[in-house]
Protein chains: 2
Amino acid sequence: MRIIIMSRRERTPKQHVILEAIQGRTDHPTAEELYRELNEHGHAISLATVYRNLRALTQEGKVRELHGAGPDRFDPTVSPHYHFRCHRCGRIYDLDLPYRRELDSLNLGLGFKVLGHQLIFLGLCQNCQGEKEEPWQK
Amino acid sequence: MRIIIMSRRERTPKQHVILEAIQGRTDHPTAEELYRELNEHGHAISLATVYRNLRALTQEGKVRELHGAGPDRFDPTVSPHYHFRCHRCGRIYDLDLPYRRELDSLNLGLGFKVLGHQLIFLGLCQNCQGEKEEPWQK
DNA sequence: CTGCCTGCAAAATCTTTGCAGAGTG
DNA sequence: CACTCTGCAAAGATTTTGCAGGCAG
């Protein structure tokens with residue numbers, strides 16, 4: 001006797017456009033931003049579906065979730081790298097710095113088991129350096 | 001004629017116990033955790049007041065807000081330092097590593113104005129290394 | 001027909017806010 | 001009284017979930 005594993009589609013249609021949309025941006029959009037962009041570009045899709053598929057993609061390891069003030073953002077690059085986060089608009093950008101793998105071997109004490117690290121620079125992105133108002137644009 | 005500036009109390013009673021409570025912990029509690037701890041220890045206080053005063057303390061620069069998966073956490077130490085975040089329980093601990101001030105002078109390109117950086121190690125804290133269940137204890 | 005995917009609306013989670021009453025001087 | 005601080009409940013913001021209908025094999 002044989003156990004047959006249910007076949008599962010690699011990628012649903014909506015998941016595909018979501019992945020494409022996120023990969024087409026460098027500012028690590030929020031679910032809401034992706035939802036708006038997709039609908040403005042002719043893809044009828046609900047916010048729930050955006051959230052659902054972003055979560056699925058996260059669990060599959062296709063995208064990474066980033067937390068900060070305000071809504072979560074999503075990063076299409078999952079290999080270890082560092083970020084810059086704009087304090088004003090909340091956007092997050094990838095940086096082109098080498099990942100310091102040796103930091104993950106440090107003994108930090110307290111019995112911590114280190115699996116990785118994040119380095120996030122904070123400041124103002126170019127767009128926001130002249131601005132006075134709208135302290136928290138989404 | 002003289003402009004009289006209203007005198008303002010340095011610290012309200014509730015704010016004081018909140019600050020004391022957070023300073024008595026090393027795991028950077030959430031508002032909810034502080035709320036529970038205080039009420040269990042005889043301080044009648046509402047969750048709204050905990051949030052309100054944590055926000056006030058943050059704006060005063062007395063505590064720092066930390067973001068991650070799940071609710072925000074609060075750090076009683078505001079001088080620059082690094083953190084360890086447990087992937088399972090979400091708790092955040094201070095690390096005793098020197099702050100690399102020189103990193104804030106790097107030119108990261110894209111016109112970023114750097115104000116500081118965060119280094120966060122991810123992994124499992126001692127409590128969570130043996131555990132199998134309860135993947136997201138608060 | 002069977003099962004996955006989606007939209008919609010409701011629920012859930014986390015946080016802020018309006019308002020009225022208590023406390024202080 | 002004038003003012004701040006607080007609790008309560010409601011509202012807000014973000015994210016997840018139940019359910020029914022649609023579509024593909």
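Naming convention: chains lettered A, B, ... in sequence-line order (proteins, then strands); numbering from 1 in each chain.
Taking atom CG of residue A:Leu66 and atom P of nucleotide D:dT15, one finds them 12 Å apart after rounding to whole Å. Taking atom CD1 of A:Ile45 as the reference point, atom P of D:dG22 lies 19 Å away to the nearest angstrom. Rounded to whole angstrom, the span from the CG atom of B:Leu38 across to the P atom of D:dG7 amounts to 11 Å. The interatomic distance linking B:Leu54 (CG) with C:dC14 (P) rounds to 15 Å, in whole Å. Atom pair B:Leu57:CG and D:dC5:P shows a separation of 12 Å (rounding to whole Å applied). Distance A:Lys14 NZ to D:dC23 C1': 12 Å, rounded to the nearest Å. Straight-line distance from the NE2 atom of A:His43 to the P atom of C:dT6: 12 Å, rounded to whole Å. The distance between atom OH of A:Tyr35 and atom P of C:dT6, rounded to the nearest whole Å, is 15 Å.
No donor-acceptor pair under 3.5 Å is formed between the side chain of A:Gln118 and the backbone N or O of B:Leu122.
In this structure, the nucleotide among C:dT15, C:dA9, D:dC19 sitting nearest to the side chain of A:Arg52 is D:dC19. Picking from C:dG18, C:dG7, D:dT15 the nucleotide with the shortest atom distance to the side chain of A:Asp72 gives D:dT15. Considering only the side chain of B:Leu47, C:dT15 comes nearest among C:dC8, D:dT6, C:dT15.
Phosphate proximity of C:dC5 to A:Asn53: absent, as no side-chain N or O sits under 4.0 Å from OP1 or OP2. Within the structure, a side-chain polar atom (N or O) of B:Thr49 is placed less than 4.0 Å from OP1 or OP2 of D:dG7. Look at A:Arg55 and you'll find a side-chain N or O under 4.0 angstrom from OP1 or OP2 of D:dT17. Contact check, B:Tyr51 against C:dT15: a side-chain N or O comes under 4.0 Å of OP1 or OP2. For A:Thr12 and C:dT6, the shortest distance from a side-chain N or O to OP1 or OP2 is below 4.0 Å.
Under the 4.5 Å side-chain heavy-atom criterion for grouping Ile, Leu, Val, Met, Phe, Trp and Tyr, A:Leu57 is not connected to A:Val78 through any hydrophobic cluster.
Within the nucleic acid shown, A:Ala44 comes within 4.0 Å of sugar-phosphate atoms alone, with no base atom in reach, counting heavy atoms only.
A salt bridge is absent between B:Glu65 and B:Arg73: the closest approach of a Lys/Arg side-chain nitrogen to an acidic carboxylate oxygen does not fall below 4.0 angstrom. Under the 4.0 Å criterion applied to side-chain N and carboxylate O atoms, A:Arg55 and A:Glu60 are not assigned as salt-bridge partners.
The ring of A:Tyr99 has its center closer than 6.0 angstrom to the ring center of A:Tyr82.
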